[in-house]
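Here's the structure, in structure tokens; my notes come after.
In this text the structure is predicted, and so the values were computed from the model without any measurement. For the single chain, residues carry numbers from 1 onward in sequence order.
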Amino acid sequence: MPFLEEKYPNLKNASFEEKYDFLIDKIGLRILRSWIPISDESIKETYAKDKNLNNIPLEDWDRWTGASATPTDVSWKPYNLRTLIAEKTGVTTFSLAECVCLLKQTATRSIKQKGE
């Protein structure tokens, strides 16, 4: 059960953007973008107000990863974003927080590639 930095040592000193952009490239932007069920226009409007997309409720991000979280527990659907990450990268230790960060970086990159 390798951690991302164990499997890909070049990411040990990577920035947030470099780490998640690496994963987006490895998995595929289109594949990851399909996990976010809102339009690019909605993402652009949200991003214009908060570059970290924290104005989208955390519960939405959790749900989009295939998880349901309470303060003390996380439940995952049988097929979820962690499953996809493991299939595409071999990394099996991704947390819910990391999955949310991956989706947020995917959303940001998606709108930036189309022009802000």
Side-chain angles (χ1 to χ4, degrees):
M1 296 199 172
F3 288 95
L4 183 66
E5 291 81 2
E6 289 174 353
K7 184 139 177 97
Y8 303 100
N10 58 311
L11 296 176
K12 282 189 182 188
N13 296 316
S15 69
F16 175 92
E17 288 82 10
E18 290 168 336
K19 175 181 173 179
Y20 290 105
D21 280 340
F22 172 85
L23 288 168
I24 292 167
D25 291 340
K26 192 101 175 125
I27 297 167
L29 180 63
R30 187 176 307 144
I31 291 169
L32 289 167
R33 180 61 183 89
S34 71
W35 286 74
I36 306 169
I38 59 174
S39 70
D40 283 340
E41 190 57 40
S42 293
I43 294 170
K44 274 186 190 180
E45 291 170 10
T46 301
Y47 183 82
K49 296 174 187 166
D50 178 0
K51 303 265 188 253
N52 295 312
L53 301 175
N54 290 327
N55 43 0
I56 296 174
L58 188 55
E59 295 80 19
D60 290 348
W61 291 109
D62 290 350
R63 189 175 63 254
W64 299 339
T65 69
S68 174
T70 67
T72 58
D73 188 42
V74 176
S75 300
W76 293 92
K77 290 182 180 177
Y79 191 82
N80 56 66
L81 190 57
R82 285 190 331 167
T83 307
L84 175 68
I85 293 165
E87 289 172 355
K88 298 287 187 178
T89 69
V91 175
T92 57
T93 55
F94 241 62
S95 70
L96 176 55
E98 289 172 309
C99 288
V100 167
C101 288
L102 178 58
L103 287 186
K104 286 184 174 189
Q105 184 65 12
T106 298
T108 300
R109 186 162 153 189
S110 178
I111 61 166
K112 284 184 174 184
Q113 283 188 350
K114 292 183 179 178
E116 285 183 14

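- Smallest separation of non-hydrogen atoms from L96 and A67: CD1-CB, 3.7 Å.
- Looking only at side-chain heavy atoms (C-beta outward), L23 and V91 stay at 4.5 Å or farther from each other.
- Looking only at side-chain heavy atoms (C-beta outward), L81 and F94 stay at 4.5 Å or farther from each other.
- With rounding to the nearest 0.5 Å, the separation of CD in E17 from CD1 in I24 is 10.0 Å.
- Residue N13 qualifies as open at atom CG: its count of foreign heavy atoms under 6.0 Å is 12 or below.
- Between the OG1 atom in T108 and the CG atom in L103 there is a gap of 10.5 Å [rounded to 0.5 Å].
- The shortest distance between side-chain heavy atoms of T65 and N80 does not fall below 4.5 Å.
- One distance of note links CD1 of I85 with NZ of K26; it measures 13.0 Å at 0.5 Å rounding.
- Taking 4.5 Å as the limit, every side-chain heavy atom of T106 sits out of range of all side-chain heavy atoms of W35.
- In this structure, CD1 in I36 is found 8.5 Å from CG in L53, a value given to the nearest 0.5 Å.
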Would you sort out whether F3 and K7 count as a side chain to side chain contact (heavy atoms under 4.5 Å, CB included), showing the intermediate values?
CA-CA 6 Å; F3 288 95; K7 184 139 177 97; over 6 Å; no
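- Between R109 and Y20 the shortest side-chain heavy-atom distance does not fall below 4.5 Å.
- The distance from the NZ atom of K12 to the CD atom of E6 is 7.0 Å, given to the nearest 0.5 Å.
- Evaluation of the ring pair (Phe, Tyr, Trp, His ring centres under 6.0 Å) rule for W61 yields W64 as partners, not counting sequence neighbours.
- Rounded to the nearest 0.5 angstrom, E5 CD and T93 OG1 are separated by 8.0 Å.
- Every residue meeting the salt bridge (Lys or Arg N to Asp or Glu O under 4.0 Å) condition with D60, not counting sequence neighbours, appears here in chain and number order: R63.
- Although no hydrogens or angles enter the test, the distance criterion places no donor-acceptor pair under 3.5 Å between the side chain of Y8 and the main chain of F22.
- Side-chain atoms of D50 and T46, non-hydrogen and from C-beta on, never get closer than 4.5 Å to each other.
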Evaluation steps, side chain to side chain contact (heavy atoms under 4.5 Å, CB included), between R33 and D40:
CA-CA 10 Å; R33 180 61 183 89; D40 283 340; 2.9 Å; yes
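- Considering only heavy atoms from C-beta on, E87 stays 4.5 Å or farther from I27 through its side chain.
- You'll find the side chain of K19 stays beyond 4.5 Å of the side chain of Q105, heavy atoms only.
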